[in-house]
Q: 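Quick one: this structure, given as structure tokens, is what I'll be asking you about.
Worth knowing before you read on, the calculation uses all heavy atoms, side chains too, and leaves out hydrogens, waters and symmetry mates.
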Amino acid sequence: MDRVNKMVSERPVVIFSKSSCCMSHTIKTLFCDFGVNPLVHELDEIPRGRDIEQALSRLGCSPSLPAVFIGGELVGGANEVMSLHLDRSLIPMLKKAGALWV
């Protein structure tokens with residue numbers, strides 16, 4: 001859990017993903033289209049990725065990937081991010097976290 005907390009504090013937007021996951025790809029593309037430069041951890045490509053995925057599940061990520069953190073806080077997965085986007089509250093959240101300046 002401490003490792004996850006350290007990882008999410010490295011940037012305003014942190015995404016835990018798997019390189020083969022289409023929903024993860026969609027979320028990464030959404031943020032990049034906004035001009036956000038998220039830190040992406042591809043759990044299938046890093047050592048102990050499975051342990052990190054289990055820690056994310058314990059934090060409440062269900063499904064565990066993608067898991068999006070904004071400003072160090074867990075936002076959730078693809079459903080939560082898309083809901084925030086449709087509610088027009090994602091951009092203000094990104095600005096508040098310092099991930100967007102426009």
Side-chain angles (χ1 to χ4, degrees):
M1 207 68 82
D2 289 337
R3 184 171 182 196
V4 171
N5 290 332
K6 183 177 186 282
M7 294 169 90
V8 301
S9 68
E10 294 174 351
R11 284 250 190 86
V13 177
V14 178
I15 301 172
F16 292 91
S17 171
K18 281 191 177 174
S19 59
S20 61
C21 175
C22 64
M23 293 309 294
S24 294
H25 176 75
T26 300
I27 295 303
K28 292 181 285 189
T29 300
L30 176 70
F31 282 108
C32 290
D33 285 351
F34 287 153
V36 173
N37 186 21
L39 177 58
V40 178
H41 295 285
E42 300 288 1
L43 298 186
D44 56 338
E45 297 177 355
I46 63 173
R48 302 194 51 141
R50 185 73 183 128
D51 294 340
I52 295 168
E53 188 174 354
Q54 290 173 347
L56 292 168
S57 290
R58 287 191 298 274
L59 284 174
C61 297
S62 180
S64 58
L65 297 175
V68 178
F69 289 78
I70 299 175
E73 298 294 321
L74 174 63
V75 172
N79 288 340
E80 292 81 9
V81 170
M82 293 309 291
S83 292
L84 288 169
H85 178 48
L86 293 172
D87 287 348
R88 299 185 188 273
S89 53
L90 183 58
I91 297 287
M93 186 183 289
L94 292 168
K95 288 179 181 177
K96 183 178 177 187
L100 281 177
W101 293 272
V102 184

Q: Any side-chain heavy-atom pair from K28 and I15 closer than 4.5 angstrom?
A: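 Touching, per the 4.5 Å side-chain cut-off.
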
Q: Roughly how far apart are D87 CG and M93 CE, rounded to 0.5 Å?
A: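 It is 9.5 Å, given to the nearest 0.5 Å.
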
Q: Answer with yes or no whether the hydrophobic clustering places L74 together with V4; edges join I, L, V, M, F, W, Y residues whose side-chain heavy atoms lie under 4.5 Å apart.
A: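 In one cluster with L74: V4, yes.
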
Q: Taking the six-membered ring for Trp and the single ring otherwise, decide whether the centroids of H85 and F31 are under 6.0 Å apart.
A: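 No - the distance between ring centres of H85 and F31 does not fall below the 6.0 Å cut-off.
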
Q: Are the charged groups of E53 and K18 less than 4.0 angstrom apart, N to O?
A: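 Between K18 and E53 there is a salt bridge, with a charged N closer than 4.0 Å to a carboxylate O.
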
Q: L30 and L84: same hydrophobic cluster, using ILVMFWY side-chain contacts below 4.5 Å?
A: yes

Q: Does a side-chain heavy-atom distance below 4.5 Å link N37 with R11?
A: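 Yes. Closest side-chain heavy atoms under 4.5 Å.
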
Q: Minimum heavy-atom separation for G98 and P12, please, with both atom names.
A: O-CG, 4.0 Å

Q: Hey, quick one: are V14 and V36 part of the same hydrophobic cluster, counting side-chain heavy atoms closer than 4.5 Å, chains of contacts allowed?
A: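 In one cluster with V14: V36, no.
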
Q: With rounding to the nearest 0.5 angstrom, report the CE to OG1 distance, M82 to T26.
A: 8.0 Å

Q: Hey, could you give me the CD1/CG distance between I27 and L65, rounded to the nearest 0.5 Å?
A: 12.0 Å

Q: Kindly indicate whether the side chain of S17, heavy atoms from C-beta on, has any atom under 4.5 Å from the side chain of H41.
A: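 SC-SC contact between S17 and H41 ruled out.
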
Q: Measuring from atom OG of S64 to atom CG of L43, what distance do you get when rounded to the nearest 0.5 angstrom?
A: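 Rounded to the nearest 0.5 Å, the OG-CG separation comes to 8.0 Å.
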
Q: Count the heavy atoms of every other residue, nucleotide or ligand shown that sit under 6.0 Å from CD of E73, and state whether that count exceeds 12.
A: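 Count not over threshold, so no.
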
Q: Out of V40, L94, V75, V8, which one pairs with V13 under the side chain to side chain contact (heavy atoms under 4.5 Å, CB included) rule?
A: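 Single pass found, and it is L94.
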
Q: Shortest non-hydrogen contact from L56 to A67?
A: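 Distance-wise, the nearest heavy atoms are CD1-CB, 4.0 Å.
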
Q: Linking I/L/V/M/F/W/Y whenever any side-chain heavy atoms sit under 4.5 Å apart, do V81 and F16 land together?
A: no

Q: Could you give the distance from OG (S19) to CD (E45), rounded to the nearest 0.5 Å?
A: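 Taking OG in S19 and CD in E45, the distance rounds to 4.0 Å.
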
Q: With rounding to the nearest 0.5 Å, note down the distance linking CG in L39 to CZ in F69.
A: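 If we round to the nearest 0.5 Å, L39:CG and F69:CZ are 12.0 Å apart.
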
Q: Within the 4.5 Å heavy-atom criterion, are M7 and I52 side-chain neighbours or not?
A: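 Yes. Closest side-chain heavy atoms under 4.5 Å.
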
Q: Begin with the C-alpha distance, continue with both residues' side-chain angles, and end with the deciding distance and a verdict on side chain to side chain contact (heavy atoms under 4.5 Å, CB included) for L90 and I70.
A: CA-CA 10 Å; L90 183 58; I70 299 175; 3.8 Å; yes

